[in-house]
2 protein chains.
Amino acid sequence: MNPQASLDEREQRTWSAFVTMRRDLEAVLARGLAEDGLSVSDFEVLARLGQAPGGELRARDLAAAIGWDKARLSKHVTRMAGRGLVSRREAADDGRGQVIALTAEAAQVLVTAGANHLAAVRRYFFDLIEPDELDVLEQVLSRINARAAEG
Amino acid sequence: MNPQASLDEREQRTWSAFVTMRRDLEAVLARGLAEDGLSVSDFEVLARLGQAPGGELRARDLAAAIGWDKARLSKHVTRMAGRGLVSRREAADDGRGQVIALTAEAAQVLVTAGANHLAAVRRYFFDLIEPDELDVLEQVLSRINARAAEG
DNA sequence: GCAACATGGTTGCCATGGCAACCATGTTGC
DNA sequence: GCAACATGGTTGCCATGGCAACCATGTTGC
(Lines give C-alpha, C1' and ligand atoms only; values in the text may rest on other atoms or scores of the structure.)
Protein backbone atom coordinates (compact mmCIF):
# COMPACT_ATOMS: atom_id res chain seq x y z
CA MET A 1 0.00 0.00 0.00
CA ASN A 2 1.13 3.47 -0.82
CA PRO A 3 1.01 5.48 2.38
CA GLN A 4 0.51 8.67 0.41
CA ALA A 5 -2.56 7.27 -1.30
CA SER A 6 -4.87 9.96 -0.07
CA LEU A 7 -2.68 12.89 -0.94
CA ASP A 8 -3.39 14.08 -4.44
CA GLU A 9 -0.61 14.14 -6.98
CA ARG A 10 0.30 17.73 -6.37
CA GLU A 11 0.39 17.24 -2.62
CA GLN A 12 2.58 14.20 -2.99
CA ARG A 13 4.96 16.15 -5.18
CA THR A 14 5.02 19.05 -2.75
CA TRP A 15 5.53 16.83 0.27
CA SER A 16 8.35 15.03 -1.40
CA ALA A 17 9.96 18.35 -2.33
CA PHE A 18 9.53 19.48 1.24
CA VAL A 19 11.23 16.39 2.65
CA THR A 20 14.08 16.82 0.18
CA MET A 21 14.43 20.46 1.11
CA ARG A 22 14.62 19.73 4.80
CA ARG A 23 17.40 17.26 4.17
CA ASP A 24 19.42 19.10 1.54
CA LEU A 25 19.20 22.63 2.87
CA GLU A 26 20.27 21.37 6.27
CA ALA A 27 23.17 19.56 4.65
CA VAL A 28 24.37 22.54 2.66
CA LEU A 29 24.24 24.84 5.68
CA ALA A 30 26.02 22.23 7.79
CA ARG A 31 28.82 21.99 5.24
CA GLY A 32 29.22 25.74 5.29
CA LEU A 33 29.51 25.89 9.06
CA ALA A 34 31.90 22.95 9.03
CA GLU A 35 34.34 25.10 7.06
CA ASP A 36 34.56 27.30 10.11
CA GLY A 37 34.92 24.28 12.37
CA LEU A 38 31.39 24.33 13.75
CA SER A 39 28.44 21.97 13.63
CA VAL A 40 24.92 23.31 13.29
CA SER A 41 24.43 22.59 16.99
CA ASP A 42 27.60 24.44 17.93
CA PHE A 43 26.43 27.40 15.93
CA GLU A 44 22.99 27.44 17.53
CA VAL A 45 24.59 27.61 20.94
CA LEU A 46 27.14 30.26 20.02
CA ALA A 47 24.70 32.43 18.09
CA ARG A 48 22.26 32.47 20.97
CA LEU A 49 24.96 33.27 23.50
CA GLY A 50 26.23 36.00 21.17
CA GLN A 51 22.83 37.65 21.22
CA ALA A 52 22.56 37.54 25.00
CA PRO A 53 23.79 40.44 27.12
CA GLY A 54 27.34 39.70 28.27
CA GLY A 55 27.48 36.69 25.97
CA GLU A 56 26.16 34.38 28.65
CA LEU A 57 22.96 32.62 29.67
CA ARG A 58 21.68 30.23 32.28
CA ALA A 59 21.75 26.70 30.89
CA ARG A 60 18.03 26.44 31.45
CA ASP A 61 17.34 29.58 29.42
CA LEU A 62 19.74 28.65 26.66
CA ALA A 63 18.07 25.26 26.30
CA ALA A 64 14.63 26.84 26.18
CA ALA A 65 15.77 29.43 23.65
CA ILE A 66 17.05 26.88 21.18
CA GLY A 67 14.41 24.27 21.95
CA TRP A 68 16.70 21.59 23.33
CA ASP A 69 16.28 19.04 26.05
CA LYS A 70 18.36 19.96 29.10
CA ALA A 71 20.29 16.68 28.80
CA ARG A 72 21.24 17.45 25.24
CA LEU A 73 22.48 20.89 26.17
CA SER A 74 24.43 19.60 29.14
CA LYS A 75 26.31 17.10 27.03
CA HIS A 76 26.88 19.46 24.16
CA VAL A 77 28.20 22.18 26.40
CA THR A 78 30.65 19.70 27.91
CA ARG A 79 32.04 18.98 24.46
CA MET A 80 32.14 22.64 23.49
CA ALA A 81 33.87 23.56 26.74
CA GLY A 82 36.47 20.92 25.91
CA ARG A 83 37.14 22.74 22.67
CA GLY A 84 37.37 26.10 24.40
CA LEU A 85 34.19 27.52 22.86
CA VAL A 86 32.25 28.08 26.07
CA SER A 87 32.94 28.28 29.76
CA ARG A 88 30.75 27.29 32.68
CA ARG A 89 30.30 28.77 36.11
CA GLU A 90 27.78 28.44 38.90
CA ALA A 91 24.84 30.78 38.99
CA ALA A 92 25.16 33.34 41.75
CA ASP A 93 21.51 33.25 42.70
CA ASP A 94 20.66 29.55 42.35
CA GLY A 95 22.76 26.78 43.78
CA ARG A 96 21.54 24.41 41.09
CA GLY A 97 22.20 26.67 38.15
CA GLN A 98 24.98 26.89 35.59
CA VAL A 99 25.83 29.96 33.55
CA ILE A 100 27.23 29.22 30.10
CA ALA A 101 29.39 31.92 28.53
CA LEU A 102 31.06 32.51 25.18
CA THR A 103 34.83 32.49 25.37
CA ALA A 104 36.83 35.26 23.70
CA GLU A 105 37.97 32.76 21.11
CA ALA A 106 34.41 31.71 20.37
CA ALA A 107 33.37 35.32 19.98
CA GLN A 108 35.98 35.59 17.21
CA VAL A 109 34.84 32.38 15.55
CA LEU A 110 31.27 33.58 15.71
CA VAL A 111 32.07 36.75 13.78
CA THR A 112 33.49 34.80 10.85
CA ALA A 113 31.16 31.84 10.96
CA GLY A 114 28.14 34.07 11.47
CA ALA A 115 28.97 36.14 8.40
CA ASN A 116 29.53 33.04 6.29
CA HIS A 117 26.40 31.38 7.55
CA LEU A 118 24.38 34.47 6.87
CA ALA A 119 25.67 34.57 3.32
CA ALA A 120 24.65 30.95 2.88
CA VAL A 121 21.16 31.59 4.25
CA ARG A 122 20.86 34.37 1.70
CA ARG A 123 22.18 32.30 -1.15
CA TYR A 124 20.20 29.14 -0.49
CA PHE A 125 17.02 30.63 0.86
CA PHE A 126 16.16 34.32 0.77
CA ASP A 127 17.67 35.00 -2.64
CA LEU A 128 15.20 32.49 -4.05
CA ILE A 129 12.08 34.05 -2.53
CA GLU A 130 10.24 37.07 -3.88
CA PRO A 131 8.76 39.57 -1.42
CA ASP A 132 5.17 38.47 -2.03
CA GLU A 133 6.21 34.85 -1.66
CA LEU A 134 7.84 35.70 1.63
CA ASP A 135 4.48 37.01 2.86
CA VAL A 136 2.87 33.70 2.05
CA LEU A 137 5.69 31.77 3.65
CA GLU A 138 5.46 33.78 6.85
CA GLN A 139 1.75 33.08 7.11
CA VAL A 140 2.09 29.40 6.46
CA LEU A 141 5.01 28.97 8.83
CA SER A 142 3.19 30.71 11.60
CA ARG A 143 0.16 28.43 11.20
CA ILE A 144 2.32 25.31 11.08
CA ASN A 145 4.26 26.32 14.16
CA ALA A 146 1.10 27.16 16.05
CA ARG A 147 -0.41 23.78 15.33
CA ALA A 148 2.77 21.86 16.08
CA ALA A 149 2.99 23.71 19.39
CA GLU A 150 -0.55 22.77 20.36
CA GLY A 151 0.33 19.16 19.58
CA MET B 1 28.00 40.42 16.86
CA ASN B 2 24.60 39.38 15.73
CA PRO B 3 25.10 36.93 12.89
CA GLN B 4 21.74 37.88 11.44
CA ALA B 5 22.72 41.54 11.29
CA SER B 6 22.21 41.84 7.57
CA LEU B 7 18.85 40.15 7.41
CA ASP B 8 16.08 42.65 7.81
CA GLU B 9 13.62 42.25 10.62
CA ARG B 10 11.09 40.37 8.57
CA GLU B 11 13.70 37.99 7.22
CA GLN B 12 15.00 37.32 10.70
CA ARG B 13 11.51 36.55 11.88
CA THR B 14 10.86 34.28 8.94
CA TRP B 15 14.16 32.46 9.30
CA SER B 16 13.58 31.91 12.94
CA ALA B 17 10.08 30.56 12.20
CA PHE B 18 11.56 28.33 9.56
CA VAL B 19 14.14 26.87 11.93
CA THR B 20 11.44 26.29 14.53
CA MET B 21 9.23 24.60 11.96
CA ARG B 22 11.97 22.25 10.85
CA ARG B 23 12.52 21.18 14.41
CA ASP B 24 8.95 20.99 15.68
CA LEU B 25 7.25 19.50 12.65
CA GLU B 26 9.89 16.81 12.54
CA ALA B 27 9.35 16.15 16.23
CA VAL B 28 5.57 15.89 15.96
CA LEU B 29 5.77 13.52 13.00
CA ALA B 30 8.40 11.45 14.79
CA ARG B 31 6.18 11.11 17.84
CA GLY B 32 3.33 9.93 15.63
CA LEU B 33 5.42 7.25 13.97
CA ALA B 34 6.80 6.20 17.33
CA GLU B 35 3.29 5.21 18.36
CA ASP B 36 3.44 2.58 15.64
CA GLY B 37 6.90 1.54 16.75
CA LEU B 38 8.79 3.22 13.94
CA SER B 39 11.39 5.95 13.71
CA VAL B 40 11.29 8.45 10.86
CA SER B 41 14.21 6.59 9.31
CA ASP B 42 12.42 3.24 9.61
CA PHE B 43 9.41 4.72 7.93
CA GLU B 44 11.40 6.19 5.07
CA VAL B 45 12.85 2.78 4.33
CA LEU B 46 9.55 0.93 4.64
CA ALA B 47 7.55 3.46 2.65
CA ARG B 48 10.03 3.36 -0.21
CA LEU B 49 10.13 -0.41 -0.25
CA GLY B 50 6.34 -0.46 -0.15
CA GLN B 51 6.23 1.63 -3.30
CA ALA B 52 8.67 -0.61 -5.15
CA PRO B 53 7.42 -3.52 -7.24
CA GLY B 54 7.54 -6.68 -5.15
CA GLY B 55 8.32 -4.64 -2.04
CA GLU B 56 12.05 -4.86 -2.62
CA LEU B 57 14.95 -2.81 -3.91
CA ARG B 58 18.68 -3.05 -4.38
CA ALA B 59 20.39 -1.41 -1.41
CA ARG B 60 22.07 0.99 -3.80
CA ASP B 61 18.76 2.13 -5.29
CA LEU B 62 17.05 2.39 -1.95
CA ALA B 63 19.84 4.57 -0.61
CA ALA B 64 19.67 6.81 -3.67
CA ALA B 65 15.89 7.05 -3.46
CA ILE B 66 15.88 8.29 0.10
CA GLY B 67 19.10 10.29 -0.20
CA TRP B 68 21.18 8.32 2.28
CA ASP B 69 24.81 7.43 2.39
CA LYS B 70 25.33 3.74 1.69
CA ALA B 71 26.95 3.24 5.09
CA ARG B 72 23.95 4.70 6.82
CA LEU B 73 21.60 2.43 4.93
CA SER B 74 23.71 -0.63 5.59
CA LYS B 75 23.69 -0.07 9.31
CA HIS B 76 20.07 0.85 9.50
CA VAL B 77 19.01 -2.18 7.50
CA THR B 78 20.98 -4.38 9.89
CA ARG B 79 19.00 -3.00 12.79
CA MET B 80 15.69 -3.27 10.96
CA ALA B 81 16.43 -6.84 9.92
CA GLY B 82 17.07 -7.61 13.57
CA ARG B 83 13.57 -6.39 14.33
CA GLY B 84 12.08 -8.43 11.52
CA LEU B 85 11.09 -5.46 9.39
CA VAL B 86 13.21 -6.23 6.35
CA SER B 87 15.09 -9.18 4.91
CA ARG B 88 18.26 -9.26 2.86
CA ARG B 89 19.37 -11.48 0.03
CA GLU B 90 22.10 -11.39 -2.57
CA ALA B 91 21.33 -9.83 -5.91
CA ALA B 92 21.01 -12.42 -8.65
CA ASP B 93 22.80 -10.34 -11.25
CA ASP B 94 25.56 -8.68 -9.24
CA GLY B 95 27.80 -10.53 -6.84
CA ARG B 96 28.29 -7.37 -4.82
CA GLY B 97 24.66 -6.45 -4.52
CA GLN B 98 22.09 -6.85 -1.77
CA VAL B 99 18.35 -6.83 -2.25
CA ILE B 100 16.37 -5.44 0.66
CA ALA B 101 12.78 -6.61 0.98
CA LEU B 102 9.80 -5.79 3.19
CA THR B 103 8.76 -8.65 5.42
CA ALA B 104 5.10 -9.64 5.63
CA GLU B 105 5.01 -8.24 9.13
CA ALA B 106 6.45 -4.94 7.97
CA ALA B 107 3.87 -4.73 5.20
CA GLN B 108 1.20 -4.89 7.90
CA VAL B 109 2.92 -2.28 10.04
CA LEU B 110 3.24 -0.05 7.01
CA VAL B 111 -0.49 -0.10 6.37
CA THR B 112 -1.27 1.21 9.84
CA ALA B 113 1.70 3.49 10.26
CA GLY B 114 1.29 4.85 6.76
CA ALA B 115 -2.32 5.79 7.35
CA ASN B 116 -1.51 7.43 10.66
CA HIS B 117 1.44 9.27 9.24
CA LEU B 118 -0.59 10.49 6.32
CA ALA B 119 -3.23 11.82 8.69
CA ALA B 120 -0.51 13.66 10.60
CA VAL B 121 0.93 15.17 7.42
CA ARG B 122 -2.57 16.42 6.63
CA ARG B 123 -3.19 17.74 10.10
CA TYR B 124 0.14 19.47 10.63
CA PHE B 125 0.87 20.57 7.09
CA PHE B 126 -1.62 20.43 4.23
CA ASP B 127 -4.65 21.39 6.28
CA LEU B 128 -2.90 24.66 7.04
CA ILE B 129 -2.15 25.60 3.45
CA GLU B 130 -4.60 27.14 1.00
CA PRO B 131 -4.47 26.06 -2.66
CA ASP B 132 -2.92 29.33 -3.86
CA GLU B 133 -0.38 29.14 -1.05
CA LEU B 134 0.48 25.64 -2.13
CA ASP B 135 1.33 27.00 -5.58
CA VAL B 136 3.76 29.44 -4.05
CA LEU B 137 5.26 26.79 -1.83
CA GLU B 138 5.81 24.45 -4.73
CA GLN B 139 7.63 27.14 -6.68
CA VAL B 140 9.82 28.16 -3.79
CA LEU B 141 10.67 24.58 -2.83
CA SER B 142 11.66 23.73 -6.35
CA ARG B 143 14.02 26.71 -6.53
CA ILE B 144 15.56 25.94 -3.15
CA ASN B 145 16.08 22.30 -4.05
CA ALA B 146 17.61 23.19 -7.39
CA ARG B 147 20.11 25.53 -5.80
CA ALA B 148 20.98 23.16 -2.96
CA ALA B 149 21.58 20.45 -5.56
CA GLU B 150 23.94 22.64 -7.55
CA GLY B 151 25.86 23.33 -4.32
C1' DG C 1 10.02 24.20 59.68
C1' DC C 2 9.30 19.97 57.44
C1' DA C 3 7.28 16.78 53.97
C1' DA C 4 6.00 16.77 49.37
C1' DC C 5 6.79 18.55 45.24
C1' DA C 6 9.24 21.26 41.58
C1' DT C 7 13.28 22.70 39.19
C1' DG C 8 18.09 22.49 37.20
C1' DG C 9 21.66 19.68 35.67
C1' DT C 10 24.35 15.36 34.84
C1' DT C 11 24.92 10.72 33.58
C1' DG C 12 24.04 6.17 31.40
C1' DC C 13 22.14 3.59 27.89
C1' DC C 14 21.04 2.97 23.41
C1' DA C 15 20.01 4.29 18.55
C1' DT C 16 21.58 7.20 15.04
C1' DG C 17 24.58 9.32 11.39
C1' DG C 18 28.88 11.02 8.90
C1' DC C 19 33.19 9.90 7.16
C1' DA C 20 37.02 7.20 5.96
C1' DA C 21 39.04 2.76 5.40
C1' DC C 22 38.41 -1.53 3.73
C1' DC C 23 37.08 -5.62 1.01
C1' DA C 24 34.95 -7.87 -2.86
C1' DT C 25 33.19 -7.90 -7.30
C1' DG C 26 32.60 -5.57 -11.94
C1' DT C 27 34.11 -2.95 -15.89
C1' DT C 28 37.24 -0.68 -19.09
C1' DG C 29 41.15 0.29 -21.98
C1' DC C 30 44.81 -1.44 -24.19
C1' DG D 1 43.24 -10.98 -20.38
C1' DC D 2 45.24 -8.07 -17.03
C1' DA D 3 46.11 -3.63 -14.60
C1' DA D 4 43.72 0.30 -13.24
C1' DC D 5 39.69 2.01 -11.98
C1' DA D 6 34.72 1.97 -10.54
C1' DT D 7 30.97 0.29 -7.90
C1' DG D 8 28.44 -1.89 -3.89
C1' DG D 9 28.46 -2.86 0.82
C1' DT D 10 30.30 -3.33 5.60
C1' DT D 11 32.76 -1.88 9.51
C1' DG D 12 35.08 1.17 12.91
C1' DC D 13 35.44 5.43 15.04
C1' DC D 14 33.50 9.26 16.84
C1' DA D 15 29.93 12.85 17.66
C1' DT D 16 25.18 13.34 18.37
C1' DG D 17 20.46 13.01 20.50
C1' DG D 18 16.36 11.10 23.17
C1' DC D 19 14.79 9.30 27.31
C1' DA D 20 14.81 7.85 31.93
C1' DA D 21 17.07 7.73 36.28
C1' DC D 22 19.37 10.21 39.45
C1' DC D 23 21.09 13.83 42.58
C1' DA D 24 21.03 18.37 44.56
C1' DT D 25 18.90 22.53 45.57
C1' DG D 26 14.54 25.43 45.85
C1' DT D 27 9.74 26.23 46.90
C1' DT D 28 5.16 25.50 48.83
C1' DG D 29 1.45 24.28 51.89
C1' DC D 30 0.24 23.43 56.23
Side-chain angles (χ1 to χ4, degrees), chain A residues 19 22-24 26-35 37-46 56-101, chain B residues 19 22-24 26-35 37-46 56-101:
Chain A
V19 169
R22 247 188 349 200
R23 187 184 61 220
D24 292 357
E26 170 95 19
V28 94
L29 295 178
R31 271 200 299 280
L33 286 169
E35 290 180 10
L38 298 177
S39 68
V40 173
S41 297
D42 296 333
F43 185 73
E44 285 187 275
V45 169
L46 296 185
E56 59 181 41
L57 282 172
R58 279 286 301 267
R60 169 195 56 177
D61 300 326
L62 178 54
I66 56 184
W68 286 8
D69 184 86
K70 60 190 179 172
R72 177 177 177 190
L73 182 68
S74 172
K75 284 186 282 195
H76 206 259
V77 161
T78 299
R79 289 189 291 263
M80 290 180 75
R83 293 190 287 146
L85 292 171
V86 295
S87 64
R88 270 183 169 123
R89 58 185 172 75
E90 290 180 8
D93 57 335
D94 187 335
R96 301 164 300 181
Q98 289 280 314
V99 175
I100 318 294
Chain B
V19 169
R22 250 192 343 203
R23 187 186 61 221
D24 292 357
E26 169 96 19
V28 97
L29 294 177
R31 271 200 300 278
L33 287 169
E35 289 179 10
L38 298 177
S39 68
V40 173
S41 297
D42 296 334
F43 184 74
E44 285 187 276
V45 168
L46 297 184
E56 56 180 43
L57 281 172
R58 279 287 301 268
R60 169 194 57 178
D61 300 326
L62 178 53
I66 55 185
W68 285 9
D69 184 85
K70 59 189 180 173
R72 177 178 177 188
L73 182 67
S74 172
K75 283 185 284 195
H76 205 260
V77 161
T78 298
R79 288 188 292 262
M80 290 179 75
R83 291 191 288 147
L85 292 171
V86 296
S87 64
R88 270 183 169 124
R89 58 185 173 76
E90 291 183 7
D93 57 333
D94 187 334
R96 300 163 302 180
Q98 290 277 316
V99 176
I100 317 294

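Each chain gets a letter, A, B and so on, in the order its sequence line appears, and its residues count up from 1. This structure is a prediction, so every number in the text was calculated from the model and none was measured.
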Dot-bracket assigned to DNA chain C with the 3.5 Å Watson-Crick/G-U criterion, [ ] for crossing and | for other-strand pairs, is ||||||||||||||||||||||||||||||
What is the distance from [atom1] of [X] to [atom2] of [N], rounded to the nearest Å?
| X | N | atom1 | atom2 | result |
| --- | --- | --- | --- | --- |
| B/Arg88 | D/dG8 | CZ | C1' | 12 Å |
| A/Ile100 | C/dG9 | CD1 | P | 7 Å |
| A/Asp24 | C/dG18 | CG | P | 12 Å |
| B/Ile66 | C/dG17 | CD1 | C1' | 13 Å |
| A/Glu26 | C/dG17 | CD | P | 12 Å |
| A/Trp68 | C/dG9 | CH2 | C1' | 15 Å |
| A/Leu57 | C/dG9 | CG | P | 11 Å |
| A/Glu90 | C/dG9 | CD | P | 11 Å |

Near DNA chain D, under 4.0 Å by heavy atom, which residues of residues 77-87 of chain A?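 Listed by number, they are A/Arg79.
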Hey, does the side chain of [X] come within less than 4.0 Å of [N]'s phosphate (OP1/OP2), counting only N and O?
| X | N | value |
| --- | --- | --- |
| A/Ser39 | D/dT16 | yes |
| B/Ser41 | C/dG17 | yes |
| A/Ser74 | C/dG9 | no |
| A/His76 | D/dT16 | yes |
| A/Arg58 | C/dG9 | yes |

Could a donor-acceptor pair under 3.5 angstrom be found where the side chain of A/Lys75 meets the base of C/dG9?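 No.
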Under-4.0 Å salt bridge between A/Arg89 and A/Glu56: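 Yes, charged N to carboxylate O under 4.0 Å.
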If you measure from the Lys or Arg side-chain nitrogens to the Asp or Glu carboxylate oxygens, is any gap between B/Asp42 and B/Arg79 under 4.0 Å?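 Result for this pair is no, no salt bridge flagged.
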Under a 4.0 Å heavy-atom criterion, the protein footprint on nucleotides 20-29 of chain D, written with B, S and -, is B---BBS---
Testing the basics here: between A/Ser74 and A/Arg88, what is the closest heavy-atom pair and its distance to 0.1 Å?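 Closest pair (atom of A/Ser74, atom of A/Arg88, distance): O-NH2, 3.1 Å.
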